[in-house]
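Everything on this sheet refers to the single structure shown next.
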Amino acid sequence: MQERNWAGNLSYQAERIAHPRTVEELQELVAGARTIRALGSRHSFNDIADTSGTLAALDLLDPVITVDAQNMTVTVSGGTRYGTLAAELQRQGFALHNLASLPHISVAGAVATATHGSGDGNGNLATAVAGLELVVADGGILTAHRGETADFDGMVVGLGALGIVSSVTLDIEQAFQVTQHVFEDLDWEQVLENFDDVTSSAYSVSLFTDWSGSTVGQAWLKGRVSDPGVVAGQRDFFGGTPALSARHPLPGVSGSNCTEQLGVPGPWSDRLAHFRMEFTPSKGDELQSEYLVPREHAVDAIRTLRRLSGLLTPLLLVSEIRTIAADRLWLSPNYGRDGIGLHFTWRQDQPAVESVLPLLEAELAPFAARPHWGKLFDGGAAAVGPLYPRFDDFRTLAGRLDPAGKFRNRFLDYAVFGC
Ligand SMILES: Cc1cc2nc3c(=O)[nH]c(=O)nc-3n(C[C@H](O)[C@H](O)[C@H](O)COP(=O)(O)OP(=O)(O)OC[C@H]3O[C@@H](n4cnc5c(N)ncnc54)[C@H](O)[C@@H]3O)c2cc1C
């Protein structure tokens, strides 16, 4: 099968891709399969979604977006993408608390890997999950609710190992307006000396760097208009100056692919992601890795990466630094700790990237760095497991819900089960 992931660095090994149109069809598919995995919008960079058997893509599943204004939740079918959901919520006057850099990803696939945006007070996207409906190994339906279902906190960031999510219920809030300001060439030393002030200066802050030189390339500040923050006309941000036209995080790529900047207020749905739904996000011809580091190690970890610039910069398109609030989801890289994300958008040279990852992980190991589940990393279960207090509980849960290993794949064997 020549089907590939979004970045094109991975050919799925599955025998076939099925596109069930109803939950009943999905149930029959799962019940009859030897091995099966859910396939989201294919934006992961490793083989987390793959299987030797059937891939179930939910893109044709009955589309459902149901708002419950009384309980302030929205329920979406398993194939729904954030961009579709965000537009509909905004149309009805509601919002999600945050978005990732791109709106193209499926809700179920993003939640399964604990995808995140940025913001000191913002948990990752999985923290908004209030309920799940899963098609489990025997084809039956398991419904799970936050605060009610035992082990719910283990089910949300499920890596596709527990079943196929046929619908997700998310917390919503009233729609809000956001402004986005970009500053360029911030002074690294000022940023590191005032790191808490930098990251708390807006609802969502991202720093873009290639680790070389004495300045941070760009800071993207997404502020809720009701909050105090960057004001129109502010000339200095930790040594940086305001960008005078729309910017893209990657040097040389048009800012018109990105959500509106220059402080123009607009709906959360058109500002919280970096990239517009109608355009290719990021570059396309790339690879990605990311490590989540506890907040208290943020400055030391960043200093370490700056020291490694000779190794990193030649392979990089750009790096992004974001902040994420702690949560209680067992396999969330933010479990139990506020933290920062140290993200790498690499040139698409996989052998070279894979040769650097073990060195990078050794350098970040003293900071208890947890890898992003959907991006490239090196360490297996022996390295990753001790970083998660509930790792064994997750393995037990997966064994209980999927005793025959129908949802197991090479990735899970390597990174979670250690076999
Ligand atoms: C350009 C780009 C930008 C990105 N930006 C960010 C970012 O800002 N922040 C961030 O944290 N990550 C980011 N990512 C990573 C991306 O968000 C994650 O890899 C995410 O998991 C991709 O979701 P997907 O729908 O493509 O799922 P896939 O990659 O298709 O699958 C991922 C996992 O989800 C499982 N899955 C999918 N659907 C279901 C379902 N219905 N039920 C059960 N399991 C399911 C799959 O089995 C697999 O294990 C980015 C990726 C790209 C390509």
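Just so you know, ligand 1 is whichever comes first in the structure, and atom 1 is the first atom listed for that ligand.
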Practice prompt. Would you please say whether a donor-acceptor pair under 3.5 Å links the side chains of Thr323 and Asp120?
Written response: yes
Worksheet item: Going by atom types alone, do Glu286 and Thr345 pair a side-chain donor with an acceptor below 3.5 Å?
Response: no
Worksheet item: Within 45 degrees of the axis of the six-membered ring of Tyr12 and under 6.0 Å from its centre: does Arg4 put its NZ or CZ there?
Response: no
Item to complete: Report yes or no: is the cationic atom of Arg390 (NZ for Lys, CZ for Arg) closer than 6.0 Å to the six-membered ring centre of Tyr335, at no more than 45° off its axis?
Response: no
Worksheet item: Going through the distances and angles, do Arg37 and Asp50 end up as a salt bridge (Lys or Arg N to Asp or Glu O under 4.0 Å)?
Response: CA-CA 7 Å; Arg37 299 277 299 170; Asp50 208 2; over 6 Å; no
Worksheet entry | Side-chain (Ser289) to main-chain (Leu376) donor-acceptor, under 3.5 angstrom | yes
Worksheet entry | Residue shell around ligand 1, heavy atom under 4.0 angstrom | Trp6, Arg37, Ala38, Leu39, Gly40, Ser41, Arg42, His43, Ser44, Phe45, Ile48, Ala49, Leu58, Ala100, Ser101, Leu102, Ile105, Ser106, Ala108, Gly109, Ala110, Ala112, Thr113, Thr115, His116, Leu159, Gly160, Gly163, Ile164, Val165, Ser282, Gln288, Arg322, His372, Gly374, Lys375
